[in-house]
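Naming: A, B, ... by sequence-line order, numbering from 1 per chain.
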Protein chains: 2
Amino acid sequence: MNPETRPPRWQRRAEARPQEVLEAALAVFVERGYASARLDEVARRAGVAKATLYLYYANKLELFKAVVRHALVDNLDEVARLQAAAGARPGREQLTFLLHAFMRRVAGSPLSGIPKLVMAEAGNFPELARFYHDEVIARGRAIICGTLARGIAAGEFRAVDVDYAWRVVIGPALLAIIWKHSFLAFEDRGMDFERHLAVHLDMLFNGLAAPDQKGTRDEP
Amino acid sequence: MNPETRPPRWQRRAEARPQEVLEAALAVFVERGYASARLDEVARRAGVAKATLYLYYANKLELFKAVVRHALVDNLDEVARLQAAAGARPGREQLTFLLHAFMRRVAGSPLSGIPKLVMAEAGNFPELARFYHDEVIARGRAIICGTLARGIAAGEFRAVDVDYAWRVVIGPALLAIIWKHSFLAFEDRGMDFERHLAVHLDMLFNGLAAPDQKGTRDEP
DNA sequence: GCTATAAATGACTCTTCAGTCACTTATAGC
DNA sequence: GCTATAAGTGACTGAAGAGTCATTTATAGC
């Protein structure tokens, strides 16, 4: 054998490794949950040996926290951007924009596993759940509630109880992305997120009730 | 010491044990997930020794399956009862009845942990997730879709796409019970499930948009 | 090319539980 | 009361996987 034609057994890529490990770990944690996730599996998917993980993260828990923190930072950046972009447009347009951005940004990316992961592990890592609750959920809620309140004040929306309405607004979208990671494989036909969002928005603004349900029909 | 005043170290209660173990196991599995759940903890909460669990369930996996299967049977009974009770009433009344029953029956009981548990473990136990999907979700969906379709045919509901609308209908309710097991502890004020449902139903039927948003006001 | 050293590894240890088993004890039937 | 036995237990074992470490190897700088 020619030693010079044999490729190196590995490469030194100290800059790229942490990110790659994080991505592999996110996928494994989302699929299996914290306790069932095997670090051998994370290493395999990241293309390194298990011991290499420990060069970058002190232990499994620190890796887990880094995964969530990293995803969190991405989310917060996005939330801030949305908050700025939402501006003072009409409430309807604003909610449409927010939910579209949420679905496009989150639903299609590995990030979408984070809500499921945090919910599943809330009992095991309450500090993490609280962190997520306070930093992501509370901000998202504030944006939605603000938009709702302004819409109500402007006479654009009916006077719903915003403290409960915000969960009704985000519920179907959040459920859709949790669904994706749990049951999508069992659905005969897949789920079209665009279509889901379109139906969701239509029902959110216009309701289910036909407009002529007060006893008289205005149209044939 | 008087040997006759000393209470027995334990009692033989072969009829009650399995049920008690199942209840303790459900609580622990929901809180911690399958892999993190300790059988010592299950035994402690059921008031028995760990070895006693093995008198009634062959191993951890069988116990887990028994927990889900047991909860499933309860759910299916309920679903069948609802299906019968829903009858041929107007769609609006029917959906209100269904969601009320769902919230009252599920939200307040330990059963409410099952959806969270099954979602969290779907990656680890796909057969179980499929079972749940086919037996519980598919039936619930069929009931909602049927009600929607009949309401649309009767002109009571607008002609939404029922294949997507059903998730919008159940989404906020399902999210509420998942919430309860993950984030409720971090909310300043608790969540009033009755109030949540009231807001949910109001928005579901009437939508967010104020009725005078087409440019003209029909009523003062 | 040589060398220093950071990057990476494979084979190891040690802990944590799931699961077992020999033994104890409650209790039903005589 | 005695006894047979089912119900229950505490202390053990074995496996799996997190975490360690001595050794190997890629590569930057000279």
Proximity to the side chain of B/Gln11 - top-ranked nucleotide from C/dT27, C/dT9, D/dT9:
C/dT27
From CG of B/Asp40 across to C1' of D/dC12 the rounded distance in Å is 13 Å
Starting at the 5' end of DNA chain C, which residue's closest nucleotide do you reach first, B/Leu61 or A/Ala49?
A/Ala49
Of the listed nucleotides (C/dA18, D/dG19, D/dG8), which one gets closest to any side-chain atom of B/Lys60?
C/dA18
Given atom CZ of A/Arg38 and atom C1' of C/dT16, what is their separation to the nearest angstrom?
12 Å
So, is A/Tyr56 close to the C/dA8 phosphate, meaning a side-chain N or O under 4.0 Å from OP1 or OP2?
yes
Would you say that A/Ile137 contacts B/Phe186 through its side chain, given a criterion of any heavy-atom pair below 4.5 Å between the two side chains?
no
A/Leu39 CG to C/dA8 P: how many Å, rounded?
17 Å
Apply salt bridge (Lys or Arg N to Asp or Glu O under 4.0 Å) to B/Arg130 and list each qualifying residue two or more places apart in sequence or on a separate chain.
B/Asp134
Rounded off to whole Å, could you give me the CG-to-P distance for the B/Leu63 and C/dC17 pair?
17 Å
B/Leu55 CG - D/dT9 C1' separation (whole Å)
9 Å
Please report the distance, rounded to the nearest Å, between CZ in A/Phe64 and P in D/dG19.
14 Å
How would you label the contact of B/Ala37 with the nucleic acid (heavy atoms, under 4.0 Å): base, sugar-phosphate, or nothing?
sugar-phosphate
What is the separation between atom CD on A/Glu20 and atom P on C/dA8, rounded to the nearest whole Å?
10 Å
pair A/Tyr34-A/Lys60: side-chain heavy atoms closer than 4.5 Å
yes
Only one of B/Glu194, B/His200, B/His196 clears side chain to side chain contact (heavy atoms under 4.5 Å, CB included) with B/Met103; which?
B/His196
Under a 3.5 Å distance rule, please check whether B/Thr96 uses its side chain to pair with a backbone N or O of B/Arg92 as donor and acceptor.
yes
Below 4.5 Å, heavy atoms only, C-beta onward: do A/Ile178 and A/Met119 meet side chain to side chain?
yes
NZ or CZ of A/Arg89 within 45° of A/Phe97 ring axis and under 6.0 Å:
yes
Let me know the distance between CG of A/Leu53 and P of D/dG17, rounded to the nearest Å.
15 Å
Using purine N1 to pyrimidine N3 plus N6-O4 or O6-N4 for Watson-Crick, or N1-O2 and O6-N3 for G-U wobble, each under 3.5 Å, what pairs with D/dC30?
C/dG1
Could I get a table of every N or O pair under 3.5 Å where one atom is in the protein and the other is in nucleotides 20-25 of chain C?
residue: C/dT25; atom: OP1; partner: B/Arg9; partner atom: NH2; Å: 3.1

